[in-house]
**Student:** 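Here's a structure for you.
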Amino acid sequence: MGNSEDNYGAGNITVLEGLEAVRVRPGMYIGSVSTKGLNHLIYEIVDNSVDEHLAGYCDRITVTLEADGSCTVEDNGRGIPVDMHEKGISAERLVFTTLHAGGKFDNSAYKTSGGLHGVGSSVVNALSTRLSVQVKKDGQIYEDSYERGEPTTALIKGLLPVTGKTKEHGTKINFLPDDTIFDKTRFKEDDVKSRLHETAYLNPKLTIIFRDLRGDEPEEEIFNEPEGISGFVKDMNKGKEELFDVIYLKGESEGIEVEFAIQYINEFQENVLGFCNNIYNSEGGTHLTGFKTVFTTVVNNYARELNILKEKDSNFTGSDVRNGMTAVISIKHPDPRFEGQTKTKLDNQDAGKAVAKVCGDELTRFLDRNLDTIKAIIGCAEKSAKIRKSEEKAKTNMLSKQKFSFDSNGKLANCESRDASKCEIFIVEGDSAGGSAKMARNRMYQAILPIRGKILNVEKASMDKVLANAEIKTMINAFGCGFSEGYGNDFDITKLRYDKIIIMADADVDGAHISNLLLTLFYRFMPELIYEGHIYIAMPPLYKAMPGKGKEEYLYDDKALEKYRASHKGSFKLQRYKGLGEMDAEQLWETTLDPERRMMKQVGIEDARMASETTDLLMGTDVAPRKAYIYKHANDAVLDI
Ligand code: TSJ
């Protein structure tokens, strides 16, 4: 008895040293203390339940974001082992107080675990102000609890207290992240949901229930995806023009299980995701390289066999053959290794070989019987190759012309300062508004680039046409970063000459269209500008209210006008601005240019993606959806007659 207490004490000291290290350098264990790191706590816990599922003992996981800010994860597995383990304490205590305890209970289940599985529970414990554990097992309910990683429940002869009887089995963990460690402690429900959904796709026999009890209305969503990664690919392509049904194939090589799902859509894009032991590898790795290499070879072989590529033709490139592809590659590896910035890049050489072998064999077998499918894929590759070649030509042409003729057609009114962090460029629709803006601006820091008419719709235009367009050329030159598309990346955001790029268009349908086209251009060719928050849309006012007495006021939308009407007794004159061109220089300065008074909207990548989809709709060849869109938005158009 005394002996076991001594051992407990000794064990506890090393434990505290271990967990203290986690609290001193949390970033080393969970990546960061931002919201991303915070959400990661949930995934660390859930991954343990997923392992129990992989071992064949659990088919249901419930994740609850509690009203008090804590998170509960519950499964119906065997329950964490609670029996006496080394050092005379319950195995469960070791799981939560020893770093890398996962390996301690090595069984076949952990053989295919994602690398970090089962090791995260002590890290989560160390970074939680409180954490409680309930294990239902062998007819009993056991409970344990911790504060900042330190046990607060007294063990009885080294074992957990029994708090009740039950016929059920499983593990339930509740934890409250430590607000002295994390920047913010509010879990982001959208990120958590999409990660849980992804886990459901990768585990077709698992049901994951998500609950959010924090708002006024409790939310519940159930994720169960019996179609697995095929369903994943199908859902990613939802609403797109699919070129054939999802291909799903699998196989095994040298003890490594490989499954993959592929579908092409009629779009210039590729979206290939890699998973190892059900964990997403955001940096890719050997499995993706193996897949891409063998896929390129397979497609080129068919293209030659079918005489689509002639003897004199060069092979399609990897990115040619993946033009339009959405794919998920998922492998199970007995001993995964990871490298890279965030330790998410699969490093096992044998994984690359196994994927190449399985994918090569299975694809050939499938495509031999489905020639229409390989023909559709080759069709996409041909389109990509054509654009790639004309792009290469256009690039050489452009490089041979003078490189950065600033203000290539004499319209850019640049600012005087060369301090990019203070400079802004306004892209202004129309020459008359452009003229007023040039007069109104702060010449030191504000540049004006008027553009005329409608620039090209870059979603449809091919690369050489885009580059030949004078407005676009001027814009690329003015920004100073070059441009990029798919192949090679010549875009260098560190060369950006302006901190803010502000689209200034009329508040009507035409203006919205111009904004959409510009956003599409940035989204396709300079997405970093959006990711790093440099793109804005100016919000010129719709009205100016001029009361008999009192101050004039600019009103930025109809809601503002309603509000103004309600709160102002007596009569007032109302000026309605039909377009930017109607404002004089002073009004333009007051309403749209002056950093102290103007209204602007910062553009996020979602806004840009939506803009590009809308543009597609309005400019594309498909008539029905365009009609539907125009009818739906007809009111907006009526307003400015
Ligand atoms: F991370 C964690 F430890 F906090 C945690 C573990 C959290 C949650 C919600 C669940 C789990 C968990 C662990 N669920 N199921 C298990 N299973 C085991 O740990 C287990 C049970 C039995 C045996 C056995 O060999 O009998 C082996 C293991 C690893």
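Each ligand, and each atom within it, is numbered from 1 in the order the structure gives.
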**Student:** Given that the side chain starts at C-beta and the backbone is N, CA, C, O, which of these parts of Val95 lies under 4.0 Å from ligand 1, counting heavy atoms, or is it both or neither?
**Tutor:**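 It is the side chain that touches ligand 1; the backbone stays farther off.
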**Student:** If you measure from atom 19 (O) of ligand 1 to every heavy atom of Gly170, Pro81, Cys58, which option wins on shortest distance?
**Tutor:**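 Result: the heavy atom closest to atom 19 (O) of ligand 1 is in Pro81.
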**Student:** Going by the order shown, which atoms of ligand 1 are within less than 4.0 Å of some heavy atom of Asp75?
**Tutor:**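 Once the distances to Asp75 are compared, the set is 10 (C), 11 (C), 12 (C), 14 (N), 15 (N).
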**Student:** Do Asp335 and Arg337 meet the salt-bridge criterion of a basic N to acidic O distance under 4.0 Å?
**Tutor:**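 Result for this pair is yes, salt bridge flagged.
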**Student:** Would Lys36 and Asp183 pass as an ion pair if we require N to O under 4.0 Å?
**Tutor:**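 No, this pair does not count.
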**Student:** Could you pull out, from Ile80, Ile61, Thr72, Val46, the option with a heavy atom nearest to atom 13 (C) of ligand 1?
**Tutor:**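 Heavy atom nearest to atom 13 (C) of ligand 1 belongs to Ile80.
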**Student:** For Ile173, which part has a heavy atom under 4.0 Å from ligand 1: side chain, backbone, both, or neither?
**Tutor:**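 Contact part for Ile173 vs ligand 1: side chain (C-beta onward).
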**Student:** So, 4.0 Å and heavy atoms of Ala55: is ligand 1 close enough to count as a contact?
**Tutor:**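 In this structure, Ala55 fails to qualify as a contact of ligand 1 - no heavy atom is under 4.0 Å.
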**Student:** Ring of Tyr523, cation from Arg609 - is the NZ or CZ under 6.0 Å from the centre and inside 45° of the axis?
**Tutor:**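 Pair Arg609/Tyr523 does not count as cation-pi.
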**Student:** Give a yes/no verdict on whether any heavy atom in Gly77 is under 4.0 Å from an atom of ligand 1.
**Tutor:**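 No; Gly77 lies far enough from ligand 1 that no heavy-atom distance drops under 4.0 Å.
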**Student:** In terms of the angle between their ring planes, are Tyr43 and His40 parallel, tilted or perpendicular, with boundaries placed at 30° and 60°?
**Tutor:**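 Ring orientation of Tyr43 relative to His40: perpendicular.
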**Student:** Would you say Lys137 and ligand 1 have an N/O pair spaced under 3.5 Å apart?
**Tutor:**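 Between Lys137 and ligand 1, no N or O pair is found under 3.5 Å apart.
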**Student:** With respect to Arg130, which candidate in Asp179, Asp68, Asp144, Asp178 satisfies the salt bridge (charged side-chain N to carboxylate O under 4.0 Å, His left out) definition?
**Tutor:**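 Answer to the salt bridge (charged side-chain N to carboxylate O under 4.0 Å, His left out) test with Arg130 among Asp179, Asp68, Asp144, Asp178: Asp68.
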**Student:** Below 4.0 angstrom, N of the basic side chain to O of the carboxylate: do Glu221 and Lys193 qualify?
**Tutor:**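 Between Lys193 and Glu221 there is a salt bridge, with a charged N closer than 4.0 Å to a carboxylate O.
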**Student:** Can you list the atoms of ligand 1 that are under 4.0 Å from a heavy atom of Ser121?
**Tutor:**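 Checking each atom against Ser121, I get 1 (F), 2 (C), 3 (F), 4 (F).
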**Student:** With backbone taken as N, CA, C and O and side chain as the heavy atoms from C-beta onward, which portion of Val124 lies under 4.0 Å from ligand 1: side chain, backbone, both, or neither?
**Tutor:**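 Looking at Val124 and ligand 1, no heavy atom falls under 4.0 Å.
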**Student:** Mark yes or no for whether Thr286, through its side chain, and Asn348, through its backbone, hold a donor-acceptor pair below 3.5 Å.
**Tutor:**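 At least one qualifying donor-acceptor pair exists.
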**Student:** Out of all atoms in ligand 1, which are within 4.0 Å of some heavy atom of Ser49? Include the element for each.
**Tutor:**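 Under 4.0 Å from Ser49, ligand 1 has these atoms: 8 (C), 9 (C), 10 (C).
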**Student:** Under 4.0 angstrom from ligand 1, any heavy atom of Phe96?
**Tutor:**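 Within the 4.0 Å threshold, so yes.
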**Student:** Do any nitrogen or oxygen atoms of Glu52 come within less than 3.5 Å of a nitrogen or oxygen of ligand 1?
**Tutor:**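 Yes, there is a polar N/O contact under 3.5 Å.
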**Student:** Is a side-chain donor-acceptor pair under 3.5 Å present for His53 with Tyr57?
**Tutor:**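 The answer is no; no qualifying pair exists.
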**Student:** Run through Ile173, Asn174, Thr64, Val63 and flag the one making a side-chain contact (heavy atoms from CB on, under 4.5 Å) with Cys71.
**Tutor:**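 Option passing the side-chain contact (heavy atoms from CB on, under 4.5 Å) with Cys71: Val63.
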